[in-house]
Amino acid sequence: MPPRMLRFVTLGKEMPEKRAAAKRRADFREIFSEYSPDHAAEQAGRCSQCGVPFCQVHCPVHNNIPDWLKLAAEGRLEEAYDASAATNNFPEICGRICPQDRLCEGNCVIEQAGHGTVTIGSIEKFITDTAWEQGWVKPVKPRRNLAASVGIIGAGPGGLAAAEQLRRRGYQVRVYDRHDRVGGLMIYGIPNFKLEKPVVERRARLLADSGVEFSLNFEVGRDALLEELRERHAAVLIACGVYRAREIQAPGVGFANIVPALDYLTASNRKGLGDEVPAFDSGALDAAGKKVVVIGGGDTAMDCVRTAVRQGATSVKCLYRRDRANMPGSQREVSHAEEEGVEFVWLAAPEAFLGNGTVSGVRAARVHLGVPDATGRQTPRLIDGSHFNIDADLVIKALGFDPEDLPAQFQAPDLAVTRWGTLKIDHRTKMTSIDGVFAAGDVVRGASLVVWAIRDGRDAAETIDLYIKRKSATVTAVAAE
Ligand SMILES: Cc1cc2nc3c(=O)[nH]c(=O)nc-3n(C[C@H](O)[C@H](O)[C@H](O)COP(=O)(O)OP(=O)(O)OC[C@H]3O[C@@H](n4cnc5c(N)ncnc54)[C@H](O)[C@@H]3O)c2cc1C
Ligand code: SF4
């Protein structure tokens with residue numbers, strides 16, 4: 001059986017002992033289980049080279065997929081790596097965590113014909129992991145160093161992709177991040193079982209070796225204002241993501257053991273990275289031995305339920321107000337969670353949290369999906385008298401994220417935002433309402449994907465380069481007059 005089919009152990013829904021035993025044996029077969037060279041070549045060889053590369057069109061960075069599949073099928077892995085790295089700064093990361101079922105693989109012609117997609121993501125991962133093993137992945141060496149510098153706020157995929165592209169062009173690049181590690185949500189949001197942290201850390205080292213400088217534990221708005229960064233750099237890129245967690249309005253929501261998803265996932269990731277995490281050690285952010293209820297239906301919710309299973313929760317339930325077909329998360333993630341024993345409670349919303357200072361349960365009501373709203377999505381309506389209780393001793397709120405109030409945080413009232421609080425940019429130049437200040441990634445799109453942040457970071461690097469060149473040409477012309 002191909003490794004991809006062997007990744008997950010199916011666990012029964014109400015079998016905590018089995019689940020705990022599985023955890024002890026580290027029995028989960030994770031997404032990073034290896035492809036052998038033969039298997040990768042066999043899979044890559046399934047590409048029909050159809051001539052209408054819908055996969056490439058639907059890949060946000062427009063990877064030249066048919067070409068590198070062909071090279072991989074022929075065993076020409078170094079060339080395959082070069083082709084794949086030409087359009088993507090972190091191919092091994094996208095290979096692991098892109099929702100391929102909605103992007104490249106979902107649009108594979110072979111999949112459409114009912115024969116099962118070419119496993120593009122796994123092959124991309126295999127090619128780049130091999131490149132790392134073989135020493136083909138090298139720090140960027142610009143042909144010449146330029147005096148101009150660019151400041152980047154945020155060391156997530158958007159900021160890092162821009163940093164690498166700008167360094168390639170010779171700019172001095174400094175990345176500021178309020179966290180103590182490089183990677184943004186790739187390091188503290190996405191769980192280790194989907195994206196192993198050494199994979200992110202080696203990219204951070206490569207960028208440092210390329211000459212990118214990092215100011216960590218540096219929060220813009222606290223340690224410097226946007227205006228100060230504008231004075232220090234020829235251009236500034238804001239790639240600071242979206243971090244304001246959406247709240248639930250329900251009685252009892254302030255009880256102990258009702259926690260935000262990102263606090264829960266960050267604690268787990270920090271623990272995995274070897275940090276001291278008192279809130280995990282005290283049990284507050286550890287699901288072991290607990291009845292866990294996760295509220296939400298996106299990828300963050302899926303990461304929470306799957307983390308809770310791995311931590312040894314006695315039961316894990318996911319409460320979502322719409323049905324399976326209307327979940328925002330990847331269907332693949334939902335299937336994985338189900339295989340691992342997570343119980344989904346569809347069409348249900350929390351009405352109140354039960355307990356006495358500490359949560360002991362969730363009172364939920366059944367939901368009916370009504371007429372579609374302006375966006376085309378059916379509006380959830382609570383059904384009167386339909387409530388029921390679910391036992392819980394840890395509730396995780398995973399309802400999504402909105403941007404922080406950046407004009408206030410950066411003391412930059414001229415920084416224009418949309419009605420959702422995301423940064424307004426000119427989509428041609430990627431520039432915000434402030435001259436020389438650009439933006440990329442989630443802070444522009446709202447919560448999105450790593451691969452889109454990479455695409456945005458690359459695009460912004462290109463327009464920043466043009467901006468600086470034009471500006472210095474104008475300065476030179478004025479000086480010559
Ligand atoms: C739990 C979770 C799971 C996800 N799983 C997936 C997945 O499987 N696949 C996928 O493609 N996408 C996934 N995503 C989405 C993906 O992680 C994001 O779309 C992507 O990381 C956005 O990149 P970014 O560079 O815009 O921002 P981020 O990755 O959020 O990075 C922003 C950085 O800016 C820093 N920052 C913020 N404010 C400041 C400030 N004032 N000063 C200095 N630094 C600041 C932050 O510390 C952070 O490091 C997931 C998201 C979450 C929350
Ligand atoms: S970057 Fe993502 S969408 Fe593009 S080919 Fe790779 S896995 Fe598919």
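Counting starts at 1 for both ligands and their atoms, in listed order.
Taking a cut-off of under 4.0 Å to the non-hydrogen atoms of Gly154, the atoms of ligand 1 that pass are 33 (C), 34 (O), 35 (C). The distance from ligand 1 to the heavy atoms of Tyr243 drops below 4.0 Å at these ligand atoms: 28 (P), 30 (O), 31 (O), 32 (C), 46 (C), 48 (C). For ligand 1, the atoms closer than 4.0 angstrom to any heavy atom of Phe218 are 42 (N), 43 (C). Interface of Cys240 with ligand 1, defined as ligand atoms under 4.0 Å from a residue heavy atom, comprises 32 (C), 34 (O), 36 (N), 37 (C), 38 (N), 39 (C). Within ligand 1, the atoms closer than 4.0 Å to a non-hydrogen atom of Leu265 are 1 (C), numbered from 1 in the order shown. For ligand 1, the atoms sitting less than 4.0 Å from at least one non-hydrogen atom of Gly241 are 27 (O), 30 (O), 32 (C), numbered in the order shown with element in parentheses. Close approach to Phe410 involves these atoms of ligand 1, each under 4.0 Å from a residue heavy atom: 41 (N). Residue His179 has at least one heavy-atom neighbour below 4.0 Å for each of these atoms of ligand 1: 47 (O).
Considering backbone and side-chain N/O atoms, Val220 comes within less than 3.5 Å of an N/O atom of ligand 1. An N or O contact shorter than 3.5 Å links Gly158 to ligand 1 by distance. Taking distance alone, with nitrogen or oxygen atoms compared against 3.5 Å, Gly441 stays at or beyond that limit from ligand 1. When only interatomic distances are considered, the shortest N/O to N/O separation between Lys194 and ligand 1 falls below 3.5 Å. Considering backbone and side-chain atoms alike, Glu219 places every N or O at 3.5 Å or more from each N or O of ligand 1.
In this structure, atom 3 (C) of ligand 1 lies nearest to the protein heavy atom Asp303 OD2, 2.9 Å. Shortest contact from atom 53 (C) of ligand 1 to any protein heavy atom: Thr300 OG1, 3.6 Å. From the protein, the heavy atom lying nearest to atom 26 (O) of ligand 1 is Asp442 N, 2.9 Å. Here the heavy atom of the protein found nearest to atom 17 (O) of ligand 1 is Leu185 CB, 3.4 Å. The protein atom (non-hydrogen) at minimum distance from atom 31 (O) of ligand 1 is Gly156 CA, 3.4 Å. Looking only at protein heavy atoms, the nearest one to atom 16 (C) of ligand 1 is Val450 CG2, 3.7 Å.
Side chains of Gln100 and Arg332: a donor on one and an acceptor on the other come within 3.5 Å. Side chains of Glu124 and Asn63: a donor on one and an acceptor on the other come within 3.5 Å. Between the side chains of Arg174 and Ser215, at least one donor N or O sits under 3.5 Å from an acceptor N or O. Side chains of Asp435 and Tyr467: a donor-acceptor N/O pair is present below 3.5 angstrom, by distance only. Of the N and O atoms on the side chains of Tyr188 and Asp180, at least one donor lies less than 3.5 Å from an acceptor on the other residue.
A donor-acceptor distance shorter than 3.5 angstrom exists from the side chain of Gln311 to the backbone of Ala287, with no hydrogens or angles considered. Side-chain N or O atoms of Ser330 include none that pairs as donor or acceptor with a backbone N or O of Pro99 at under 3.5 Å. Between the Asp286 side chain and the Ala288 main chain, a donor and an acceptor come within less than 3.5 Å of each other. No donor-acceptor pair under 3.5 Å is formed between the side chain of Thr418 and the backbone N or O of Lys424. Gln56 contributes no side-chain N or O that, together with a main-chain N or O of Pro53, makes up a donor-acceptor pair within less than 3.5 Å. Put simply, the side chain of Arg167 gets close to the backbone of Ser210: a donor and an acceptor are under 3.5 Å apart. Checking side-chain atoms of Asp456 against main-chain N and O of Ala440 turns up no donor-acceptor pair under 3.5 Å. Between the side chain of Asn89 and the backbone N or O of Ala85, no donor-acceptor pair lies under 3.5 Å. The backbone N or O of Met186 lies less than 3.5 Å from a partner atom in the side chain of Lys197, making a donor-acceptor pair. Side chain of Arg324 to main chain of Val334: no donor-acceptor pair is present (N/O by atom type, distance under 3.5 Å, no hydrogens or angles).
Counting heavy-atom neighbours within 6.0 Å of Lys70 NZ, excluding the residue itself, gives a total of 12 or less.
Selection from Pro157, Ala301, Ala440 by nearest heavy atom to atom 20 (C) of ligand 1 gives Pro157. Taking each of Val175, Asp177, Ile152 in turn, the one with a heavy atom nearest to atom 46 (C) of ligand 1 proves to be Asp177. With atom 14 (N) of ligand 1 as the reference point, the heavy atom nearest to it among Gly189, Gly457, Ala447, Ser448 is part of Ser448. Closest to atom 4 (C) of ligand 1 by heavy atom, among Thr307, Ile190, Ile97, is Ile190. Closest to atom 39 (C) of ligand 1 by heavy atom, among Arg181, Arg178, Met186, is Arg178.
For atom 4 (Fe) of ligand 2, protein N/O/S neighbours under 2.8 Å (waters excluded) are Cys59 SG.
Residues Arg203 and Val137 approach most closely at NH1-CG1, 4.2 Å, considering heavy atoms.
Only the side chain of Gln409 comes within contact range of ligand 1, with a heavy atom under 4.0 Å; no backbone atom does.
Taking the ring centre of Phe218 as origin, the terminal cationic atom of Arg178 falls outside the region bounded by 6.0 Å and 45° from the ring axis.
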